[in-house]
Amino acid sequence: MTSDKNRVVIFDTTLRDGEQSPGATMSHAEKLEIAALLDEMGVDIIEAGFPIASEGDFAAVSEIAKNAKNAVICGLARANFKDIDRCWEAVKHAKYPRIHTFIGTSPLHRDMHDLDQDAMAQRVHDCVTHARNLCDNVQWSSMDATRTEWEFLKRTVDIAIKAGATTINIPDTVGYTAPVESADLIRRLIAEVEGAGDVVFATHCHNDLGMATANSLAAVEGGARQIECTINGLGERAGNTALEEVVMAMKVRNDIMPWQTGIDTTKIMHISRRVSTVSGFNVQPNKAIVGKNAFAHESGIHQDGMLKNAETFEIMRPADVGLSETNIVMGKHSGRAALRSKLKNLGYDLGENQLNDVFVRYKALADRKKEVFDEDLIALVTDAGADGEGHLEVRFLRVICGTEAPQSADITLRVGDTDHQATAQGDGPVDAAFNAVKAIFPNDAVLQLYQVSAVTEGMDAQATVTVRIEEAGMIATGQSADTDTVVASARAYVNALNRLVMRRGKTGGGDVREISYKDAGE
């Protein structure tokens, strides 16, 4: 066992079990990038892949093994010598290699392999022994352990330990168990299997019934000291235990869960977003810890409490997971205190009468919009038009697109009182149009959101395009609707720039007239 009885080892399988989510395939470069982030974050063991699955998987595991600085690098192998040998070839380059071999021990899995209990027990012995002759760090997993007969589970665990396994994993492969069962199963195995005190027991829980994190923490309560998990809970079917959930649960509730890990929690949000991008699986807004609403507050009562003392409605700090601040979301449930605070942050310190007037109009606007952004509030205060009319205006736009690249855009943009023309290319018509705007009106704004939705149904439906940009910590959103999506996109982008210009002037970032622009020929 580990020297510190309260030390919990984090085993991340994002690159193996996580990638098994349909559609979540990652490229070689992406796997190496995620592995490096996991290593830097402090993950103890990285299950880098299934080496025999493909040449690509073998190459990725081998490269990750060579590059890892601190983490144990593990590969997965089925219960046969060919898999185990291939796994060893991939991980042997690591500073700390591990072979992970498994077999399904439940009646359903024995029937699938056409093995009786004695034959399967022999297979466990032979494969763990073979793996241990190659590597001194061997993990054995009893797949579908929570549906395996108790006596047979105990028998196979005993065999695996005697054959040389150093970690015994008891997976809830189909998310079937409940927390009380998860804790009891580990506790009984440690108490009744000879030699159990000399190995690390691990838990690998799936989320089919939404209890993966609870089951994993319960297993630790029962004596397990390795949690197998993935970033964002990515994985087969409903996914796995989410790394961020178990780590933060231990950090926040160390009064009843006095366990420690080596995870740098401030890197959680960054790696969560990166995994979401490379896997193609967006994080649901209300997901614990890493969802965009996890630190967002819209209710007036909640916002008032947050403004007075953040601990009123937050059990952890945004900084704990790598965020800069809490998000006070302005919506129809927001109250006067939140509006006053938000406007003050934007540079508007209003008197009571003016605040009352803005609040009435704000409530009317909030009834029509799901979320009211900073620029909407500025428009309420300054009586600016909803379309963001101002310094910039699209006067003419023509794009050339189709199956042959590159796509191009010709634009005439009014800047102040003067029209300027530019032609630019891009990766698609929208990108070309944005590049043409930048050619005339250079800026450092980063595109945070580009969203297209239909106003109505049918072939002639208008497209509403929303664009959100960020520059030096200031966020601006623009929106426009048109039956031509590219036209709507260009206008939305320009509207966002107008609002950014307005905010720059209001927050001391420079007057509108100080912002340079140029013709395409300059």
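Remember, predicted model here, so these are calculated numbers, not experimental data.
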> Is the closest side-chain donor-acceptor distance between Asn169 and His100 under 3.5 Å?
Replying inline: no
>> The test is side chain to side chain contact (heavy atoms under 4.5 Å, CB included); show your working for Leu217 and Met257 and say whether it passes.
In response: CA-CA 9 Å; Leu217 292 170; Met257 294 184 283; 4.1 Å; yes
> Ion pair present between Glu314 and Arg317, side-chain N to carboxylate O less than 4.0 angstrom?
Replying inline: no
> Can you name the closest pair of heavy atoms from Arg187 and Glu221 and give their distance?
Replying inline: NH2-O, 3.9 Å
> Should Asp39 and Ile64 count as side-chain neighbours, where that means a heavy-atom distance under 4.5 Å?
Replying inline: no
> Looking only at atom types and distance, does a side-chain atom of Asn240 sit under 3.5 Å from a main-chain N or O of Leu234, one as donor and one as acceptor?
Replying inline: yes
>> Within the structure provided, determine whether Asp255 and Arg253 are in side-chain contact (heavy-atom separation under 4.5 Å).
In response: yes
> So, do Glu471 and Val446 sit near enough that their side-chain heavy atoms are less than 4.5 Å apart?
Replying inline: no
> Do Ser142 and Thr105 have a side chain donor and acceptor closer than 3.5 Å?
Replying inline: yes
> Would you say the side chain of Thr146 lies within less than 4.5 Å of the side chain of Glu181, judging by non-hydrogen atoms?
Replying inline: no
> Between Arg86 and Glu55, does at least one N-O distance fall below 4.0 Å, as a salt bridge requires?
Replying inline: yes
> Could you state the interatomic distance from CG (Asp85) to NZ (Lys92), rounded to the nearest 0.5 Å?
Replying inline: 10.5 Å
> Are there more than 12 heavy atoms of other residues, nucleotides or ligands under 6.0 Å from atom CG of Asp114?
Replying inline: no
>> Evaluate Arg7 against Asp44 for side chain to side chain contact (heavy atoms under 4.5 Å, CB included), listing each step before the verdict.
In response: CA-CA 11 Å; Arg7 179 73 161 81; Asp44 300 281; 2.8 Å; yes
>> Would the distance check show the side chain of Asp184 and the main-chain N or O of Val180 forming a donor-acceptor pair, the cut-off being under 3.5 Å?
In response: no
> Is a donor on one side and an acceptor on the other found under 3.5 Å between the side chain of Thr265 and the backbone of Asp320?
Replying inline: yes
> Just wondering, more than 12 heavy atoms not from Glu311 lying within 6.0 Å of its CD?
Replying inline: no
> If you round to the nearest 0.5 Å, how far is CG of Asn282 from NZ of Lys292?
Replying inline: 10.5 Å
>> Whether the side chain of Asn215 engages the backbone of Thr177 through a donor-acceptor N/O pair (distance < 3.5 Å, no angle test) should be reported.
In response: yes
>> Has Ser276 got a side-chain atom pairing as donor or acceptor with Ser272's backbone, closer than 3.5 angstrom?
In response: no
> Given the rule in the side chain to side chain contact (heavy atoms under 4.5 Å, CB included) test, do Ile99 and Asn137 qualify, once you have shown the distances and angles that lead to the verdict?
Replying inline: CA-CA 7 Å; Ile99 296 173; Asn137 189 338; over 6 Å; no
> When you measure from the side chain of Ser341 to the backbone N and O of Ala338, does any donor-acceptor pair fall under 3.5 Å?
Replying inline: no
> Any side-chain heavy atom of Glu194 within less than 4.5 Å of one from Ile161?
Replying inline: no
> For Asp57 and Ala53, which heavy atoms make the closest approach, and how far apart are they?
Replying inline: OD2-CB, 4.1 Å
>> Check for me whether Arg110 meets the cation-pi criterion with Phe152, that is, NZ or CZ under 6.0 Å from the six-membered ring centre and within 45 degrees of the ring axis.
In response: yes
> Is there a side-chain contact between Val220 and Trp259 (heavy atoms, below 4.5 Å)?
Replying inline: yes
>> Looking at every non-hydrogen atom in both residues, tell me the closest pair between Ala71 and Tyr96 and how far apart they are.
In response: O-CD1, 4.0 Å
>> Let me confirm one number: the CD1-CG distance from Ile231 to Asp12, rounded to the nearest 0.5 Å.
In response: 5.0 Å
> Is the shortest heavy-atom distance from the side chain of Thr173 to the side chain of Glu236 under 4.5 Å?
Replying inline: no
> Closest approach of Ala202 and Glu228, non-hydrogen atoms and distance?
Replying inline: CB-OE2, 4.2 Å
>> If the threshold is 4.0 Å, N to carboxylate O, is there a salt bridge linking Asp158 and Lys154?
In response: no
> Nearest heavy-atom pair of Arg16 and Gly49: which atoms, and what distance?
Replying inline: CG-C, 3.6 Å
>> Does atom CG (Asp111) have a neighbourhood of more than 12 heavy atoms from anything else shown, all under 6.0 Å?
In response: yes
>> Looking at Ser106, is its backbone amide N or carbonyl O close enough to the side chain of Asp144 to form a donor-acceptor pair, meaning the two atoms are under 3.5 Å apart?
In response: no
> Can you say whether the rings of Tyr493 and Phe434 are parallel (under 30°), tilted (30 to 60°) or perpendicular (over 60°)?
Replying inline: parallel
> Do any N or O atoms from the side chain of Asp264 and from the backbone of Gly42 form a donor-acceptor pair under 3.5 angstrom?
Replying inline: no
> With distance as the sole test, does Arg468 use its side chain to make a donor-acceptor pair with the main-chain N or O of Ile475 at under 3.5 Å?
Replying inline: no
> What is the distance from atom CD1 of Ile103 to atom CG of Leu115, rounded to the nearest 0.5 Å?
Replying inline: 6.0 Å
>> Taking Ala212's backbone N and O only, do any of them form a donor-acceptor pair with Asn207's side chain (distance below 3.5 Å, no angle check)?
In response: yes
> Can you say whether the rings of His130 and Phe81 are parallel (under 30°), tilted (30 to 60°) or perpendicular (over 60°)?
Replying inline: parallel
> Do you know the tightest heavy-atom contact between Glu47 and Leu15?
Replying inline: O-CB, 3.7 Å
> How long is the span from the CD1 atom in Ile45 to the CZ atom in Arg98, to the nearest 0.5 Å?
Replying inline: 3.5 Å
>> Applying side chain to side chain contact (heavy atoms under 4.5 Å, CB included) to Thr148 and His109, what does each step give before you reach the verdict?
In response: CA-CA 9 Å; Thr148 299; His109 286 266; over 6 Å; no
>> I want to check something: taking the side chain as every heavy atom from C-beta on, are Thr14 and Glu19 in contact at a cut-off of under 4.5 Å?
In response: no
> Salt bridge between Glu30 and Arg274, side-chain N to carboxylate O under 4.0 Å?
Replying inline: no
> What is the distance from atom CD1 of Ile170 to atom OG of Ser141, rounded to the nearest 0.5 Å?
Replying inline: 8.0 Å
